[in-house]
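Step one of this worksheet: look at the structure below.
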Amino acid sequence: MAKIVDFFISGVWKTKDGRVSMVFLHRNSNNELTDGLKVAIHNLNQLIKEGKKIMTMRWSYESAKWHRGALLEVVIIDDEEILRTVKNSSSLDKLENQIDLSLLPQIFVTSVKQ
């Protein structure tokens, strides 16, 4: 099976004002997820510019599995690069609606890259 995306996002860290600042990024390696890395949001813009495909994913408690979410894109609004999910995506799949890992103690994140 061909690899559809290069990376998945399983969670986010938010600032006090609710903006996504970091993501929990997993490489899609031979259709298996690697351990996640905490990555600054501006690094995702560069990956997308380099042609990498990044998609959100969400946990389903009903099926006890991860499900694909929405692809991310970089758009320019008022001369500023903005990272967002593609239009017409389900609100459940949007980046800002991912699991907010900033609510968890730091001990749960073992691999950190900033």
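Fair warning: this is a prediction, and the values are worked out from it, not measured in the lab.
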Review point. Taking all atoms of both residues into account, what is the closest heavy-atom pair of F24 and L101, and its distance?
Key: CB-CD1, 3.7 Å
Point to revise | K53 NZ: over 12 foreign heavy atoms closer than 6.0 Å | key: no
Study note, to complete from the structure: Closest non-hydrogen atoms of E73 and V86, given as atom of the first, atom of the second and distance, are OE2-CA, 3.7 Å
Point to revise | Trace of the side chain to side chain contact (heavy atoms under 4.5 Å, CB included) decision for R68 with I4 | key: CA-CA 11 Å; R68 293 176 187 267; I4 297 172; 4.1 Å; yes
Study note, to complete from the structure: On a heavy-atom basis, the closest approach of H26 and D35 is ND1-C, 3.8 Å
Review point. In a check of side chain to side chain contact (heavy atoms under 4.5 Å, CB included) between K52 and each of L72, D6, L44, V5, which one passes?
Key: D6
Check your understanding: Heavy-atom count around D79 CG within 6.0 Å, excluding the residue itself: above 12?
Key -> no
**Study point:** Which atom of M57 lies closest to which atom of S10, heavy atoms considered
**Key:** CE-CB, 3.5 Å
Exercise for review: Work out which heavy atom in W13 is nearest to a heavy atom in D100; give both atom names and the distance.
Suggested key: CA-OD1, 4.2 Å
Exercise for review: Using the side chain to side chain contact (heavy atoms under 4.5 Å, CB included) rule, pick out the option among L25, T85, L83, L71 that qualifies with I54.
Suggested key: L25
Point to revise | T34 backbone acceptor or donor facing S29 side chain under 3.5 Å | key: no
Check your understanding: L47 versus E50: any side-chain heavy-atom pair under 4.5 Å?
Key -> yes
Practice item. Have a look at E81 and tell me which of Q46, H42, K49 forms a side-chain hydrogen bond (donor to acceptor under 3.5 Å, both in side chains) with it. Key: K49
Check your understanding: If Ile, Leu, Val, Met, Phe, Trp and Tyr residues are connected whenever their side-chain heavy atoms lie under 4.5 Å apart, and connections chain through other members, are M22 and I82 in the same group?
Key -> no
Study note, to complete from the structure: Closest non-hydrogen contact found for H67 with S60 is CD2-CB, 3.2 Å
Review point. Do V74 and I41 belong together in a cluster built from hydrophobic side chains that touch within less than 4.5 Å?
Key: yes
